Amino acid sequence: MNAPIAPIAAVRTPARTIALQQSLHRDEERCRALRALLMTPLMTATHPEFAAVRRHADELRTWFARETGWPLHVERDCARLYKRPADLGDASRGLVGYERRRYVLLCLACAVLERAEAQITLRLLGERLLALAADPLLKSRGFEFTLTVVHERRELVAVCRSLLALGILQRVAGDEESYARDSTAGAGEGADALYDVQRRVLAGLLAAVRGPSTWAAEQAPVTLDERLASLVNEQVPDSDEGQRTALRHHLARRLLDDPVVYLDTLDEAQRAYFVNQRGAMAARLCEATGLAAEQRAEGLALVDEDGELTDVAMPAEGTDAHATLLVAEHLAERLRADDTARPVAEADIATFLAGVRERYGRYWRRSAREEGAEHELARCALERLAQLRLVERTAAQVRPLPALARYALGDTEVRTTPAARTAQSDLF
Amino acid sequence: MTMVAPLPARRQAELFRHVSAEKAALYRAVMDAFAAAKRQFRLHLRPDELLAEGRWDALPAPPRLEELQTALNQLTEWGNLESQPDTTRVASIADFYRAKYLYRLSQGGEAVEAALQTFAQTLSRRAELQTVALEDIAQLLETLQALAEDNAPDAAKVHATLRDLVRVFEGLADNAQAFMAGIARSIELQQADAEAVLAYKRRLIDYLERFIGDLVGRSGGIARRIVALASRIETLLELAVQREARDAAPGDEAGQRDALTRGLLDWRERWHGLRHWFVADRHEPPQAELLRAKARAAIPQLLAAVAALNERRSGRSDRSADFRMLAHWFAACADDDQAHRLARAALALQPARHFALDPARQPGAQELPASTPWAAAPALRIHPRLREYGEAAPRGALPRVQVRDEERRLLAAQLQEEHRQIEAARQRLANGQPTRLSQLCTPDGPQGLDTHAFSLFLALLGEALAAQAHPDAAVERLSGDGLLRIRLEPLARGSHAEIRTSAGILAGRDHMLTITAVKDGT
């Protein structure tokens, strides 16, 4: 047509919109993939976001390498983000339900699987694990495992379930429950399970920078701190640029992994860098992850509006979460009233919970309403608050930390604004 | 070739124990089956194959699989058989434990078998290299083919050729058998020490290169010749057998006939074995192909072993040793807290942990300077219900479910009416008649088109115009839903069409427009 007429423009505009939509969709998908990796650093192909991770593998690898220095390996059937921690002191970030003994068993099971063929049964795994467990060095540390009693078989099954959940094992036949219950170990094939071993996933389990077995006997780390350092310490180039990058990675790792980074937990060099760079850093991290920065005088928290990017939720539903919220509010009020943040005895928290039981107790679960249950409830609430770095526990004392103030919700504040309350989204 | 050290006398004696043992009949039947397999150049047998193929006439009843397994274990212990792990994937726990081994005659067992047979043959010769063997087989087959084409083949030559063929082939099969066993060992090499693997590497790679090359190069030709000989081989075998029978000790006529039949059976068995090696038999791939696959699979296995070694040398570690060392470190932790810290550093599996809810996004919250302490910043607003009861949804009975049938019916009726109008518009527009745009649209508005027809028309026009490459080019395309075909032909340059709509005037060069409905399947 000689003169441009309306339909042409009407056709072109959707095309532009579509291109825009597609690029938005890509960005959104990459953000979802990144968030999924932050939550599931060892991801198998069964994860719903795995396809997105694979599609954006190159960009994600570059992003993680630049911002955090975390290596990302994406393969055909699994993805691994080596989330090396910056804070080695946090004891609340191990595997759920694990204790010292179970970790030993998990390591021994993995040692067996590394040497196993493509398939293995639970019984065979148990037998070979027994051979490794008989190591006199382990015995000298007080570790004993014989598989002769039911609770030991349950421990083995629990480790197996972890391996199944991680995707290292895949069940082909049988089940673990019958094995755990079967008291005549060794007889009857019904009480057994057959697995395929997923070598690539297994290879991704150990995140150590340097394998613990590569140390020569006289150089091997001995104390816990040396061992922790030997697992995570990377080569840092001996230049100003290299030092700065190391500082930046350290801070980004903490910001992405931990709920809040307080200035007073940083050493001098880190603090100097952080004070200068935190705005720009927070902006970069938030843009890619969809988190929001909460900048305060005491530190910086990256906050997730949807509450999905966390393993410990607050606020949440349930008696424990409710008690946690009440304790947080109680402590925060004290914090606001008295800026010095004096420590509180744990017993006082229990007394406080016993005091509010009359008012709220009827909504709690039955066991929490009983006389004396407040100690358990207080312990649980404080543990959650400590995990979220809202309080610090020392001996039988609790010291509120600055970010606790965000949970200072007095009755008046909520109730005097009915209009705002109805305008809010459903849950909060 | 590996040199076999002479067995100590005690072990030699054990090789013969099965003859006088309690279940001698079963043991003999098993060994006979292996001897037969050996004559067919089969490399190994699984217990279930053995059960299916063995001749159990001498026994009151065929053995059960468990019995057979026990016998096999016993024979392996005595040294008559050798076992190697069966690496085929299984699907049940029972199979995993049971069918884990392949069995073949051990060297000693073979010797015992040979000794036990009345016609003692010398132990199989294995002097030839595969290269030579394959070449010889190909040549001998060629000779045989030439002989077969003769009207009256020379019996002596046929016999000699066949005999050579068998001898060469036996050497090949033996070598292959040794090779297969060697591959199984190379898997174990992954755990062996560095020198052993590196020394083995060169030898194996040389061997594999030569062998695979030959196998690929020659087995096709050999297979072709074998197939080509299929129709005449029976005659040739008979010739050979007759000639052999003449060498045999003189006896009565019946004995001679028997010897003839037996000889012919033997020869057929050998030929079948040769054929099975190179030519696919119904579903089973030929042995040569199995061997090739196995040889090919050996290369990545070997490379993996070498890579593991290199990793170990370059500071990356043996993972199994790492995990064992880590187990020690965990065991050395003073308490669970230390163990959790170690776990986080070593495994790095922890998910992220962040606060939920952003006070800044809540209504009324203003941007705060970064120097504001938390205590001075606005606190979170949490839904009063969650704050008061510890749960987000109210308790109590669920709200009543309302009956919405009436509304649904109304919606369905509206949808149906809309669909009917669109369908009508489609039919009115898609008449297949060429129409000028300028004629279609009178100054008063589009002719005879209602709202639905007109919007459909505009959409079609838009689609067609977007596809037009050049103002002078005609364009034809399917509508977006694939139901209509639109053809748009530009008219003379000076022509002009105008379409008046309530939204404005659409003007441009006149076009000839044809809309046809697409029939299903066209």
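Numbered from 1 within each chain, the chains take letters A, B, ... in sequence-line order. Computed from a prediction, not measured in an experiment: that's the story for all the values here.
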Chain B contact via [X] - which portion, at a heavy-atom distance below 4.5 Å:
X      : value
A:Q387 : both
A:A403 : both
A:L302 : both
A:L166 : side chain
A:L113 : neither
A:L132 : side chain
A:S230 : side chain
A:L390 : side chain
A:L124 : both
A:R35  : neither
A:R80  : side chain
A:M39  : both
A:L255 : backbone

Under a 4.5 Å heavy-atom cutoff, which of [options] has the most pairs with chain B?
options                       : value
A:G299, A:C110, A:A118        : A:C110
A:L88, A:T121, A:V172, A:V112 : A:T121
A:V232, A:D258, A:L404        : A:D258
A:T40, A:L42, A:L137          : A:L137
A:L108, A:V312, A:L105        : A:V312
A:S92, A:G307, A:G94, A:A111  : A:A111

Which of [options] touches chain A most, by non-hydrogen pairs under 4.5 Å:
options                        : answer
B:L326, B:L349, B:D337         : B:L349
B:H340, B:H354, B:H328, B:R353 : B:R353
B:P369, B:A376, B:A334, B:A348 : B:A348
B:S371, B:A321, B:C333, B:A370 : B:A370

Quick check: does any side chain N or O of [X] sit under 3.5 Å from a backbone N or O of [Y], one acting as donor and the other as acceptor?
X      : Y      : answer
A:R123 : A:A191 : yes
A:R93  : A:D257 : yes
B:D322 : A:S213 : yes
A:R296 : B:P373 : no
B:D336 : A:R100 : yes

So, do [X] and [Y] sit near enough that their side-chain heavy atoms are less than 4.5 Å apart?
X      : Y      : value
A:L401 : B:W374 : no
A:R365 : A:D320 : yes
B:F330 : A:R101 : no
A:L206 : A:E114 : no

Open item on the list: Could you check whether A:T223 and A:D225, counting side-chain N and O atoms only, form a donor-acceptor pair closer than 3.5 Å?
Closed with: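 Note: A:D225 and A:T223 side chains miss the donor-acceptor criterion.
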- [ ] Side chain from CB out, backbone as N, CA, C, O: work out which of these in B:P490 comes under 4.5 Å of a heavy atom of chain A, or both, or neither.
- [x] neither
Task: Which residues share a salt bridge (Lys or Arg N to Asp or Glu O under 4.0 Å) with A:D135, sequence neighbours left out - done: none
Task: All side chain to side chain donor-acceptor pair (under 3.5 Å) counterparts of B:S320, not counting sequence neighbours - done: B:R324
TODO: Using the six-membered ring of A:W70, assess whether NZ or CZ of A:R84 lies under 6.0 Å from its centre and within 45 degrees of the ring axis.
DONE: no
- [ ] Taking the six-membered ring for Trp and the full ring for Phe, Tyr or His, determine whether the centres of A:H322 and A:Y363 are under 6.0 Å apart.
- [x] no
